[in-house]
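Numbers here simply count residues along the sequence, with the first being 1. Everything numeric here is computed off the predicted structure, so don't read it as measured data.
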Amino acid sequence: MNIPIDMQKIVVQTIVEVGMESELADTVPDILAELTKGHRCKVKAVEEALSAVFECGADQNSCIVRFLLLIFPKSPTSEWGWSRVGWNWQQWWGNVDKILTSLDPTSAFEALCELLKSIEADSGAYLPHQQIWEPKRLETVRSALCKYGGFLEDELSAAFDMELK
């Protein structure tokens, strides 16, 4: 793909829209991740396209969750993740927050819960036991869960069964 940067969002958005309407919908996040990892499109173009496609709605096929999982940054102590110079948790989380904010709040809460559980499953360790999930990052995630779910901090544990401290 030799698509000008200013046109990438439109092309990626079309890929997502057409792909999600086909029997190949489950491959869309893998395609997006490969386009991103292969430097065929910018992460920002995918972020903007996903935000536009799912705006104020829900991601019933877990396209967003799968894409965000596939671009999760590799840490020095993990066996998996996307290893790219300059790609780190802060950049990844910026994309997560922007994409999830475009969803219906309940859907954003459910997507973030699913994403965190997928990260734990792929890592084989609880988030607080992983080096990349330092306390400030866990606090950021707890705050996002409270925001999307409409919970107070002390109510979160009743709605979310993972340890984030």
Side-chain angles (χ1 to χ4, degrees), residues 9 12-13 16-17 19-21 25-30 32-33 36 42-84 86-165:
K9 178 210 176 234
V12 172
Q13 185 172 336
V16 174
E17 289 170 345
M20 295 308 290
E21 295 295 322
D26 60 332
T27 64
V28 170
D30 297 88
L32 298 177
T36 303
K42 302 282 185 189
V43 176
K44 184 163 182 59
V46 177
E47 169 196 306
E48 291 172 353
L50 289 172
S51 295
V53 169
F54 295 103
E55 185 175 15
C56 299
D59 177 19
Q60 296 171 336
N61 294 337
S62 298
C63 177
I64 291 171
V65 171
R66 176 87 176 132
F67 172 72
L68 293 172
L69 181 66
L70 291 170
I71 66 163
F72 186 76
K74 182 174 182 351
S75 74
T77 59
S78 74
E79 297 292 320
W80 68 282
W82 183 26
S83 180
R84 176 180 173 191
W87 185 245
N88 58 39
W89 191 91
Q90 287 82 5
Q91 290 174 321
W92 175 80
W93 178 254
N95 294 120
V96 170
D97 193 43
K98 287 175 187 166
I99 294 170
L100 294 183
T101 298
S102 70
L103 296 173
D104 165 83
T106 301
S107 298
F109 177 81
E110 291 169 0
L112 184 53
C113 290
E114 184 181 345
L115 177 60
L116 296 171
K117 289 176 183 178
S118 295
I119 291 169
E120 269 193 356
D122 282 5
S123 300
Y126 296 117
L127 294 183
H129 299 156
Q130 298 176 37
Q131 180 184 15
I132 197 166
W133 289 97
E134 59 189 37
K136 185 173 170 83
R137 293 174 181 169
L138 292 170
E139 180 182 329
T140 299
V141 171
R142 281 193 312 272
S143 294
L145 286 165
C146 289
K147 175 179 84 171
Y148 299 137
F151 299 110
L152 297 173
E153 177 82 25
D154 59 343
E155 299 171 328
L156 185 59
S157 62
F160 184 64
D161 62 349
M162 285 179 64
E163 182 60 42
L164 294 174
K165 290 188 180 194

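- Here D104 contributes atom CG and E55 contributes atom CD; the two are 12.0 Å apart, rounded to the nearest 0.5 Å.
- The shortest non-hydrogen separation linking L68 to W92 is O-NE1, 2.9 Å.
- Side-chain contact check for K147 versus D97: some heavy-atom pair is nearer than 4.5 Å.
- Rounded to the nearest 0.5 Å, atoms OG1 (T101) and NZ (K98) are 10.0 Å apart.
- Side chain of N61 to backbone of C63: no donor-acceptor contact under 3.5 angstrom is found.
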### Task
Could you check I71 against V46 for side chain to side chain contact (heavy atoms under 4.5 Å, CB included), going step by step and ending with a plain yes or no?
CA-CA 11 Å; I71 66 163; V46 177; over 6 Å; no
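- Remark: the backbone N or O of I99 is paired with a side-chain donor or acceptor of S102 at under 3.5 angstrom.
- Here the closest heavy-atom approach between residue E114 and residue S62 is recorded as OE2-OG, 2.8 Å.
- R137 is not listed as a side-chain neighbour of W93, based on a closest heavy-atom distance of 4.5 Å or more.
- Contact record, V16 with F54: CG1-CE1, 4.3 Å, taken as the closest heavy-atom pair.
- To the nearest 0.5 Å, atoms CE (M162) and CZ (R142) are separated by 12.0 Å.
- A distance of 7.0 Å separates CD1 in I64 from OG in S51, rounded to the nearest 0.5 Å.
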### Query
How far apart are the C-alpha atoms of F160 and L112, what are their side-chain angles, what is the distance that settles it, and do they pass the side chain to side chain contact (heavy atoms under 4.5 Å, CB included) test?
CA-CA 10 Å; F160 184 64; L112 184 53; over 6 Å; no
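- With a 6.0 Å radius and a threshold of 12 heavy atoms from other residues, nucleotides or ligands, E79 has its CD atom at or below the threshold.
- Not a single donor-acceptor pair under 3.5 Å links the side chain of W89 to the backbone N or O of S75.
- With a 4.5 Å cut-off on side-chain heavy atoms, F109 and L145 count as touching.
- Two residues are said to be in side-chain contact when any heavy atoms from C-beta on lie closer than 4.5 Å; L115 and F72 fail this criterion.
- Taking each heavy atom of A125 and Q130 in turn, the nearest pair found is O-NE2, 2.8 Å.
- Nearest heavy-atom pair across Y126 and E120 is CA-OE2, 3.3 Å.
- In this structure, OG1 in T36 is found 11.0 Å from CD in E47, a value given to the nearest 0.5 Å.
- Taking CH2 from W80 and CG from L69, the interatomic distance works out to 4.5 Å, rounded to the nearest 0.5 Å.
- In this structure, the side chains of R84 and K74 stay at 4.5 Å or more apart for every pair of heavy atoms.
- The shortest heavy-atom contact between L70 and P29 is CD1-O, 3.8 Å.
- The closest side-chain heavy-atom distance from Y148 to L103 is not below 4.5 Å.
- Residues N95 and F67 fail the side-chain proximity criterion, which asks for heavy atoms closer than 4.5 Å.
- A heavy-atom distance below 4.5 Å is found between the side chains of P73 and I132.
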